[in-house]
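Worksheet for the structure shown next.
Everything numeric here is computed off the predicted structure, so don't read it as measured data. We're numbering straight along the sequence, starting at 1.
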Amino acid sequence: MTNFTIPTPSRQQTALTSRSTALKVIESTAILFINLFALAGNTILYWAIRRNCRLRQNTVNLLISSLALCDILMAVLCMPFSIGVFILGRWMFGELACQLQGFAFFVLAFVSQETMALIAVNRYLNVTKPVVYRRIFTRKRSLRMIVFVWLVCVIYVSIFAILKWPVFVFDPGKTICHISLTDHNFKNAWNTITMVVFSLTPMATLFVSYWRVLVYVRRHNTVALRSLRTGSLQRSAHALEDIKISKIILGLIAGYFCCWLPAYSISYVKLAYPAVSDQRFPQTLWAFLVFSSSAINSVIYGILNRTFRIEILNIVSCKRGVDRAVENNITNRVL
């Protein structure tokens, strides 16, 4: 351990430029696919909410719209630069573009985290405390929450970007312009606030909220199955819904932790053991995990929900209207 040397950016750059042709093709194709999937999936998801009156009226869909917009911007403002780096093996877009990409990346990543936490709280209250839910998550308050989240993230990143301009430096391992603070106090402040406010808090909120929803639903599964056996139409509908909820919740938890938990682990292991960043694979994996989160959000928050599936199919098949008879039989207790 004592023989580890502090890695330099040139080593990562050398590893990036010296890749084999096969590896260049694989990495470039993979990141391009993630970019296109994130852009197309989230655009369709956002459009589905905007064109459907029932979807717009549900407050959780306001949050999902904000998340979809965040992921669209990530696919437009950040991923294309990384695609260029994977193809060309270097950053060739200039200093200003580097600062803009770095700023956009961190703002959008933080907005995504906080919005997913808000969605988790929204679903927890909706399922377990419907009276409290209706009082807190009104349309006006939900819009205020969305604006507040965006403002906090923009202001937070802006403070460091303005005071320490230029603060973003191209990272050949992550293929993005990453924040680089040389001042010890600023660096500690950034790492601490980011870890507590934009990492651990959203992660804990999401996990606790969805876990409690899952426990709540499972407690009702026995009663739900009995309702199915008795043949009561109304009670059977709720029973089937409760059973499906548990599957959706598991999908939400799995999707989040498959992307963000490894990404944060890589970041904080690098802080504790700087020599880890000497290896290109974990840093490149970090980029793929973070960008993949933007791609799978449209699947988790949209396609797993039957209401969205119907609306998305209408969009893809170019239908103008929605079958209201079918739509009226769909509930929105969870997503």
- prompt: Of the options W150, F198, W260, F103, which is the one that meets F110 in a ring-ring contact (aromatic ring centres under 6.0 Å, His included)?
  reply: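 Answer after filtering W150, F198, W260, F103: F198.
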field: Partner of F86 by ring-ring contact (aromatic ring centres under 6.0 Å, His included), out of W91, F288, F291, F33
entry: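 So, applying the ring-ring contact (aromatic ring centres under 6.0 Å, His included) to F86 and each of W91, F288, F291, F33, only F288 qualifies.
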message: What I'd like to find out is whether the side chain of H178 reaches to under 4.5 Å of the side chain of V169, using heavy atoms alone.
response: no
message: When you compare the side chain of F105 with that of V290, does any pair of heavy atoms fall below 4.5 Å?
response: yes
Distance-minimising heavy-atom pair for [X] and [Y]:
| X | Y | result |
| --- | --- | --- |
| E114 | V149 | CB-CG1, 3.7 Å |
| L289 | A263 | CD1-N, 3.8 Å |
| I266 | P282 | CD1-O, 3.3 Å |
| F37 | A295 | CE2-O, 3.4 Å |
| A75 | P80 | O-CD, 3.1 Å |
| T138 | T59 | C-CG2, 3.8 Å |

Rounded to the nearest 0.5 Å, what separation is found between the [atom1] atom of [X] and the [atom2] atom of [Y]?
| X | Y | atom1 | atom2 | result |
| --- | --- | --- | --- | --- |
| S82 | I87 | OG | CD1 | 11.0 Å |
| Q101 | F170 | CD | CZ | 8.5 Å |
| L108 | M74 | CG | CE | 5.0 Å |
| L16 | K24 | CG | NZ | 8.0 Å |
| R135 | R141 | CZ | CZ | 8.0 Å |
| S66 | I49 | OG | CD1 | 10.0 Å |

Looking at [Y], is its backbone amide N or carbonyl O close enough to the side chain of [X] to form a donor-acceptor pair, meaning the two atoms are under 3.5 Å apart?
| X | Y | result |
| --- | --- | --- |
| S199 | T194 | no |
| Q99 | V167 | yes |
| N191 | K187 | yes |
| R50 | L45 | no |
| T192 | N188 | yes |
| N61 | I64 | no |

task: List the steps, then state whether side chain to side chain contact (heavy atoms under 4.5 Å, CB included) holds for I176 with C78.
output: CA-CA 8 Å; I176 66 165; C78 300; over 6 Å; no
NZ or CZ of K164 within 45° of F186 ring axis and under 6.0 Å: yes
Same cluster or not: are [X] and [Y] linked, directly or through other Ile, Leu, Val, Met, Phe, Trp or Tyr residues, by side-chain heavy atoms under 4.5 angstrom apart?
| X | Y | value |
| --- | --- | --- |
| V107 | M195 | yes |
| V76 | L100 | no |
| I31 | F281 | yes |
| I136 | L118 | yes |
| L88 | M79 | yes |

task: In sequence, state the C-alpha distance, the side-chain angles, and the governing distance for Y133 and Y124, and then conclude on ring-ring contact (aromatic ring centres under 6.0 Å, His included).
output: CA-CA 9 Å; Y133 167 78; Y124 164 70; over 10 Å; no
query: disulfide bond (SG atoms under 2.5 Å apart) with C98: which residues, sequence neighbours excluded?
result: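 Partners of C98 by the disulfide bond (SG atoms under 2.5 Å apart) criterion, ordered by chain and then number, come out as C177.
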message: If you apply the rule side chain to side chain contact (heavy atoms under 4.5 Å, CB included), what do you find for V197 with Y156, and how did you get there?
response: CA-CA 11 Å; V197 178; Y156 174 64; over 6 Å; no
field: With S294, the side chain to side chain donor-acceptor pair (under 3.5 Å) member among N35, D71, N42
entry: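 Between S294 and the candidates, side chain to side chain donor-acceptor pair (under 3.5 Å) is satisfied uniquely by D71.
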task: Apply the test side chain to side chain contact (heavy atoms under 4.5 Å, CB included) to residues R280 and R19: give CA-CA distance (whole Å), side-chain angles for both, the deciding distance (0.1 Å), then the verdict.
output: CA-CA 11 Å; R280 180 175 178 269; R19 293 170 299 158; 3.4 Å; yes
- request: Flag yes if more than 12 heavy atoms outside F148 fall under 6.0 Å of its CZ atom; otherwise flag no.
  value: no
query: Would Q13 and T17 satisfy side chain to side chain contact (heavy atoms under 4.5 Å, CB included), going step by step from the backbone distance to the final call?
result: CA-CA 6 Å; Q13 183 63 57; T17 55; 3.1 Å; yes
Stepwise ring-ring contact (aromatic ring centres under 6.0 Å, His included) check, F106 with W190: CA-CA 12 Å; F106 281 100; W190 171 271; 5.5 Å; yes
